[in-house]
Amino acid sequence: MTVSSIKVQPAGYSGMPAVQRQELRGNRTIFFCLAVLHGLVCRLLQEYLFAPADVWDYMGVIWYDAPLWREILALGMAALPALFVPMRVTRAGDLAILILYGILYVPTVAMQPNLSLSSLPSQLTYTIISLAGLALLCWMTRIRIDQARPVGGLRPKTFDMILYASAIVTLVMYGLFSPARNLVLDLAVLYESRADFFSSASQMPMFMNYLFVNSSLSLAPLMVARGLYHRQWSMVGLALLLAYMTFVTTSLRSMLFSVAFVGAVTILTMWKRPPAVSLFAFFLGIAAVCVGLDAILPEPLPTFSYGLHYRLFGNAALLSDAYHSYFDGAPKIYLSQSFLSPFLESPLWAPYQLLVGEAVTDVPGNHANGNFVADAFANGGYVGVLLAYGLLGGIILFYQRLAARKHLRVAALGLVGPAFYLTNAGVHSAILSGGVIASLILITIYPVIGTDSPPVHAKPASKHSDQVRRTMRRNSI
């Protein structure tokens with residue numbers, strides 16, 4: 001009997017051992033509580049740490065009073081998807097869903113009463129549509145696909161050589177077309193360095209912009225994940241060097257954060273706890289460490305908490321609610337300011353990122369890039385949000401087909417970079433310049449199980465026990 005011939009039963013299948021059902025309920029309860037705590041911590045930091053420090057008003061750090069019952073309802077709605085999103089990595093898209101849930105959905109919904117200027121019915125509608133979109137994404141990525149015949153797959157040595165060569169060639173391209181001005185970038189002049197980079201970007205070849213993004217969102221993260229799982233430390237070191245050089249060249253912190261984030265998530269997936277529990281505990285750990293450092297170091301402002309926690313969670317929530325407030329009742333742009341701009345006329349007199357940025361911060365010329373939910377609402381309203389989730393579900397489902405019979409957790413980690421990008425860009429932008437195409441190519445040529453060496457940490461198991469374990473894990477979702 002082959003693995004593909006096993007009939008996967010629903011999550012409530014009575015044949016599941018009682019011990020496993022009890023463990024599943026316990027982990028779900030822990031996960032739900034962690035989601036509530038995560039949303040609560042985001043709220044507390046925003047209200048009592050970031051908003052009172054008026055120095056960051058140019059970034060739109062705001063806070064409006066709201067009734068207590070509305071804030072409690074928002075926390076409950078933020079934690080509700082913890083009852084159905086995947087907890088374990090049984091499909092290649094599970095980690096991406098967890099990251100979008102933790103970084104985007106929870107902060108957005110939890111802080112919506114205090115960040116949105118829309119009416120209460122509009123706020124609730126936006127939350128319900130986002131909840132329905134997340135449920136649609138989970139349902140689509142659980143559609144069974146034929147995994148009997150793997151797609152592509154190179155020999156492990158050949159694949160590793162391609163990774164090494166791609167990283168080295170990328171570093172050479174950096175040196176030829178966009179040399180780093182300083183190997184140690186002073187964070188105090190970060191925005192000045194970023195402005196210098198953007199001013200010189202027009203003089204670089206067009207392919208360099210794609211090289212920057214794909215190297216930090218696809219190539220380097222996959223090298224980190226594969227290197228950690230297979231103990232190839234030279235691969236990990238080269239990936240970190242590539243990420244750092246991308247950061248000092250572009251002055252974009254996201255280029256460094258994405259790779260560091262993938263490295264942390266890779267280590268979390270090696271723990272015995274379900275990745276959902278480990279990931280949300282990690283989110284709470286980020287808040288605790290940042291607040292602790294701000295309390296210890298003699299800084300007048302919460303620099304660490306703002307630079308990491310707010311950038312990771314608070315900014316995504318602000319932009320989701322700001323876009324909803326701005327375009328609620330206003331004309332939608334229907335991709336007229338995207339790659340379809342030559343064929344469609346925009347109803348707006350300026351780029352919508354500029355209009356939202358100026359409206360939120362009262363700073364002329366301030367652009368505010370929205371995440372994929374905010375961007376979808378600006379382009380198509382509530383229907384656009386559902387379509388964006390559906391398109392993302394189709395992309396992940398296609399990725400899962402390409403990842404069939406390949407190292408599951410490394411394949412899942414290969415989508416973390418594009419998921420991280422979606423917290424600051426639309427789905428259509430992610431396809432072309434957010435690492436999605438590069439990730440699809442890399443997973444296509446990734447070695448197939450049987451030709452690739454097993455992860456160093458993995459324990460040998462018989463064929464029968466491996467089949468039973470996979471079946472039970474799928475039942476536990």
Side chain to side chain donor-acceptor pair (under 3.5 Å) partners of residues 348-359, not counting sequence neighbours, each pair once: Tyr352-Asp375
Test: side chain to side chain donor-acceptor pair (under 3.5 Å). Region: residues 277-294. Which pairs qualify, not counting sequence neighbours?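 Counting only pairs at least two positions apart or across chains, the side chain to side chain donor-acceptor pair (under 3.5 Å) contacts touching residues 277-294 are Asp294-Ser305.
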Take Ser119 and Ser122 through the side-chain hydrogen bond (donor to acceptor under 3.5 Å, both in side chains) test and state the conclusion after the steps. CA-CA 5 Å; Ser119 63; Ser122 294; 3.1 Å; yes
I'd like to check the ring-ring contact (aromatic ring centres under 6.0 Å, His included) partners of His38; sequence neighbours left out, ordered by chain and number.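 With sequence neighbours excluded, His38 shows a ring-ring contact (aromatic ring centres under 6.0 Å, His included) to Phe280, Phe283, Phe313, given in chain and number order.
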Can you sort out the partners of Tyr105 under ring-ring contact (aromatic ring centres under 6.0 Å, His included), two or more places apart, ordered by chain and number?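 Tyr105: ring-ring contact (aromatic ring centres under 6.0 Å, His included) contacts with Tyr101.
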What residues form a side-chain hydrogen bond (donor to acceptor under 3.5 Å, both in side chains) with [X], not counting sequence neighbours?
{"X": "Thr423", "value": "none"}
{"X": "Arg70", "value": "Gln112, Gln123"}
{"X": "Ser218", "value": "Ser439"}
{"X": "Asn371", "value": "Ser320"}

Distance, nearest 0.5 Å, that separates [atom1] of [X] from [atom2] of [Y]:
{"X": "Met223", "Y": "Ser166", "atom1": "CE", "atom2": "OG", "answer": "8.0 Å"}
{"X": "Leu80", "Y": "Leu134", "atom1": "CG", "atom2": "CG", "answer": "9.5 Å"}
{"X": "Asn315", "Y": "Ile103", "atom1": "CG", "atom2": "CD1", "answer": "12.0 Å"}
{"X": "Leu104", "Y": "Asn424", "atom1": "CG", "atom2": "CG", "answer": "10.5 Å"}
{"X": "Ile449", "Y": "Lys406", "atom1": "CD1", "atom2": "NZ", "answer": "10.0 Å"}
{"X": "Ile431", "Y": "Leu391", "atom1": "CD1", "atom2": "CG", "answer": "4.5 Å"}

With sequence neighbours left out, what residues match Thr141 under side chain to side chain contact (heavy atoms under 4.5 Å, CB included)? Ile97, Leu137, Ile396, Gln400
Please identify each residue that fulfils side chain to side chain contact (heavy atoms under 4.5 Å, CB included) with Leu308, with sequence neighbours left out.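 Checked Leu308 against side chain to side chain contact (heavy atoms under 4.5 Å, CB included); matches are Phe257, Ile286, Cys290.
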Closest heavy-atom contact between [X] and [Y]?
{"X": "Leu222", "Y": "Gly414", "answer": "CD1-CA, 4.3 Å"}
{"X": "Ser258", "Y": "Phe420", "answer": "CB-CD2, 3.8 Å"}
{"X": "Pro418", "Y": "Val436", "answer": "CB-CG2, 4.1 Å"}
{"X": "Arg88", "Y": "Pro275", "answer": "CA-CD, 3.9 Å"}
{"X": "Ala368", "Y": "Gly357", "answer": "CB-CA, 3.7 Å"}
{"X": "Val427", "Y": "Ala388", "answer": "CG2-O, 4.0 Å"}

Aromatic rings Phe50 and Tyr310: how do their planes relate, parallel, tilted or perpendicular, breaks at 30° and 60°?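 Phe50 vs Tyr310 ring planes: perpendicular.
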Could you walk me through whether Phe32 and Val36 pass the side chain to side chain contact (heavy atoms under 4.5 Å, CB included) test, one step at a time? CA-CA 6 Å; Phe32 182 86; Val36 173; 3.9 Å; yes
Please test Phe261 against Val224 for side chain to side chain contact (heavy atoms under 4.5 Å, CB included), starting from the C-alpha separation and ending with a verdict. CA-CA 10 Å; Phe261 186 75; Val224 168; over 6 Å; no
Give the C-alpha distance, both sets of side-chain angles, the deciding distance and a yes or no for side chain to side chain contact (heavy atoms under 4.5 Å, CB included) between Asn369 and Leu319. CA-CA 8 Å; Asn369 294 323; Leu319 293 177; 5.5 Å; no
Does a side-chain heavy-atom distance below 4.5 Å link [X] with [Y]?
{"X": "Cys138", "Y": "Phe84", "value": "yes"}
{"X": "Leu402", "Y": "Phe398", "value": "yes"}
{"X": "Ser336", "Y": "Ser341", "value": "no"}
{"X": "Leu131", "Y": "Pro81", "value": "yes"}
{"X": "Asn27", "Y": "Arg273", "value": "yes"}
{"X": "His309", "Y": "Leu45", "value": "yes"}
{"X": "Trp69", "Y": "Ile72", "value": "no"}
{"X": "Leu413", "Y": "Tyr229", "value": "yes"}

Looking only at atom types and distance, does a side-chain atom of Ser429 sit under 3.5 Å from a main-chain N or O of Ala425, one as donor and one as acceptor? no
Any side-chain donor-acceptor pair under 3.5 Å between [X] and [Y]?
{"X": "Ser325", "Y": "Asp321", "value": "no"}
{"X": "Ser130", "Y": "Thr127", "value": "no"}
{"X": "Ser116", "Y": "Tyr64", "value": "no"}

Which ring pair (Phe, Tyr, Trp, His ring centres under 6.0 Å) pairs, counting each pair once, include a residue from residues 315-336, with sequence neighbours left out? Tyr126-His324, His324-Phe377
Please list all pairs passing the salt bridge (Lys or Arg N to Asp or Glu O under 4.0 Å) test where one or both residues lie in residues 29-47, with sequence neighbours left out.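 For residues 29-47: Arg43-Glu71.
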Candidate list Asn114, Leu115, Leu318, test side chain to side chain contact (heavy atoms under 4.5 Å, CB included), partner Gln46, passing option: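 The passing option is Leu115.
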So Met111 and Trp63, side chain to side chain contact (heavy atoms under 4.5 Å, CB included) or not? Walk me through it. CA-CA 9 Å; Met111 294 191 285; Trp63 191 261; 4.0 Å; yes
